[in-house]
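Let me begin by presenting the structure, written as structure tokens, before commenting on it.
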Amino acid sequence: DQALQLSQSDQRETEKSIHSIRVTLKQLRAYWRLIRFVVDDAEFKAADLRIRTTAKRLAGQRDQQVLCACLRTLTSQLKAPEKSTVETLIGQINESSEIAPQITIDWPEVIIALQLELSTWQNIIHTPSQKHLIQKALQTTFNRSRRCAKKATQKTAESAQRHQWRKWVKYLYYQLKLLKQLGIKGDKGHKKNLKRLDHLGELLGQEDDFEI
């Protein structure tokens with residue numbers, strides 16, 4: 001509902017707003033996997049495709065922002081000659097972005113997708129007898145994250161494997177965070193695990209940004 005309101009506001013084109021909506025879409029993909037047992041495969045796949053398509057509509061501006069942010073990070077780690085070159089490049093990018101037309105986001109399609117997503121969640125039927133399956137879904141996410149980690153940390157691994165690892169780390173993080181917010185008590189290490197997953201996701205995300 002918050003993402004939907006933001007997509008219809010005057011501030012929707014700002015970097016902060018686009019980032020917020022994209023984070024919401026990632027959270028939704030994680031939540032669908034947590035309650036996948038409630039819906040049939042067709043509904044799950046339709047929701048996953050809807051969310052991925054919507055995220056891609058917002059990706060163009062995000063990629064431009066990532067480029068400049070990564071270049072600024074590089075300037076702090078370079079010596080004078082290279083630093084000057086990168087600063088010149090950043091200036092050229094800023095100049096060209098001011099002259100060239102901005103990447104257009106199809107906001108009506110984004111709004112329609114978010115409205116459908118909200119409606120779908122409101123119509124999901126849940127019964128108390130299904131609660132035990134949430135733990136099973138969470139375990140599935142954890143196991144998938146571990147398998148991705150093993151592949152991503154091999155010497156022959158490439159950025160694609162680490163991207164997959166990051167994706168499932170984020171799913172696990174958002175699922176655990178949601179359960180904590182709902183007041184479902186975990187073990188004593190729950191809070192520490194959330195911090196570790198958040199930090200790991202940030203590290204993998206930084207590499208993914210540089211790859212982009």
Side-chain angles (χ1 to χ4, degrees), residues 1-7 16-59 62 110 113-126 130-152 160-187 189-209 212:
D1 188 51
Q2 291 172 350
L4 183 57
Q5 290 179 29
L6 198 55
S7 70
K16 183 178 180 181
S17 295
I18 292 172
H19 175 71
S20 178
I21 297 172
R22 281 171 56 84
V23 168
T24 298
L25 293 172
K26 290 177 183 177
Q27 290 171 328
L28 286 168
R29 290 189 77 188
Y31 301 161
W32 272 107
R33 281 159 176 76
L34 194 60
I35 56 97
R36 185 169 183 171
F37 56 85
V38 178
V39 298
D40 57 35
D41 284 345
E43 186 170 4
F44 173 83
K45 290 177 180 178
D48 197 57
L49 178 60
R50 177 170 62 244
I51 295 169
R52 282 192 288 112
T53 302
T54 306
K56 286 180 180 179
R57 295 185 192 280
L58 303 171
R62 164 65 178 159
V110 172
L114 290 172
Q115 287 174 333
L116 181 55
E117 184 68 14
L118 179 60
S119 175
T120 303
W121 276 91
Q122 289 172 335
N123 292 325
I124 289 176
I125 298 173
H126 175 70
Q130 295 170 319
K131 284 185 177 180
H132 70 283
L133 294 174
I134 290 179
Q135 183 177 356
K136 183 178 179 181
L138 186 66
Q139 185 68 49
T140 298
T141 303
F142 176 71
N143 292 341
R144 182 67 179 271
S145 179
R146 284 187 64 188
R147 289 197 298 271
C148 288
K150 288 181 179 179
K151 292 179 181 178
Q161 283 77 36
R162 288 188 289 276
H163 175 75
Q164 278 294 110
W165 182 22
R166 179 201 178 215
K167 185 169 70 174
W168 283 92
V169 164
K170 284 291 185 180
Y171 288 159
L172 184 59
Y173 170 72
Y174 288 135
Q175 289 175 3
L176 284 172
K177 189 175 181 180
L178 175 66
L179 295 177
K180 185 175 184 296
Q181 290 170 334
L182 292 174
I184 299 174
K185 293 183 179 180
D187 56 36
H190 192 109
K191 189 174 181 180
K192 186 180 289 184
N193 288 335
L194 275 176
K195 286 185 176 180
R196 286 173 173 169
L197 285 170
D198 189 26
H199 182 58
L200 177 58
E202 289 298 318
L203 290 174
L204 293 172
Q206 187 177 54
E207 184 195 39
D208 193 51
D209 285 348
I212 290 172

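- Checking side-chain atoms of T53 against main-chain N and O of R50 turns up no donor-acceptor pair under 3.5 Å.
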* To do: Determine, step by step, whether E117 and W32 satisfy the side-chain hydrogen bond (donor to acceptor under 3.5 Å, both in side chains) criterion, reporting the C-alpha distance in whole Å, the side-chain angles of both residues, the deciding distance to 0.1 Å, and the verdict.
  => CA-CA 11 Å; E117 184 68 14; W32 272 107; 2.6 Å; yes
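- The 12-atom threshold is exceeded at CD of Q115, counting heavy atoms of other residues, nucleotides or ligands nearer than 6.0 Å.
- In this structure, the side chain of T120 engages the main chain of L116 through a donor-acceptor pair within 3.5 Å.
- The side-chain heavy atoms of Y174 and L197, taken from C-beta on, include no pair separated by under 4.5 Å.
- One finds no salt bridge joining K177 and D198 here, because no Lys/Arg side-chain nitrogen approaches an Asp/Glu carboxylate oxygen to under 4.0 Å.
- No side-chain heavy atom of L133 sits under 4.5 Å from any side-chain heavy atom of I35.
- Counting heavy atoms from C-beta outward, F142 and Y171 have side chains that stay 4.5 Å or more apart.
- Separation of atoms NE2 (H19) and CG (L6) is listed at 11.5 Å; rounding is to 0.5 Å.
- D1 approaches L118 most closely through the heavy-atom pair OD1-CD2, 4.0 Å.
- Taking NZ from K170 and CD from E202, the interatomic distance works out to 5.0 Å, rounded to the nearest 0.5 Å.
- A 4.5 Å side-chain heavy-atom check between Y173 and L200 finds every atom pair outside the cut-off.
- A 4.5 Å side-chain heavy-atom check between I134 and L179 finds at least one atom pair inside the cut-off.
- For T54 against A113, the heavy-atom pair with the smallest separation is OG1-CB, 3.2 Å.
- At least one donor-acceptor pair under 3.5 Å links the side chain of R33 to the backbone N or O of R29.
- The two residues V38 and I124 have their closest heavy-atom pair at CG1-CG2, 3.4 Å.
- L194 places a side-chain heavy atom less than 4.5 Å from the side chain of K180.
- In this structure, the separation between SG on C148 and CZ on R162 is 13.0 Å, given to the nearest 0.5 Å.
- In this structure the side chain of I21 reaches within 4.5 angstrom of the side chain of L58, judged on heavy atoms.
- Considering all non-hydrogen atoms of both residues, V110 and S7 come closest at CG1-CB, 4.4 Å.
- Around CD of Q2, the count of heavy atoms belonging to other residues, nucleotides or ligands within 6.0 Å does not exceed 12.
- Atom CD in Q175 sits 3.5 Å away from atom OG1 in T141 (nearest 0.5 Å).
- Atom CG of L172 and atom CZ of R144 lie 13.0 Å apart (nearest 0.5 Å).
- Side-chain N or O atoms of T140 include one that pairs as donor or acceptor with a backbone N or O of K136 at under 3.5 Å.
- You'll find the side chain of R36 reaches within 4.5 Å of the side chain of D41, heavy atoms only.
- Residues V169 and S145 share a closest heavy-atom pair of CG2-OG, 3.8 Å.
- The two atoms that bring A152 and Q161 nearest to each other are CB-O, 3.7 Å, heavy atoms only.
- No donor-acceptor distance shorter than 3.5 angstrom exists from the side chain of D48 to the backbone of F44, with no hydrogens or angles considered.
- At most 12 heavy atoms of other shown residues, nucleotides or ligands fall within 6.0 angstrom of atom CZ in R146.
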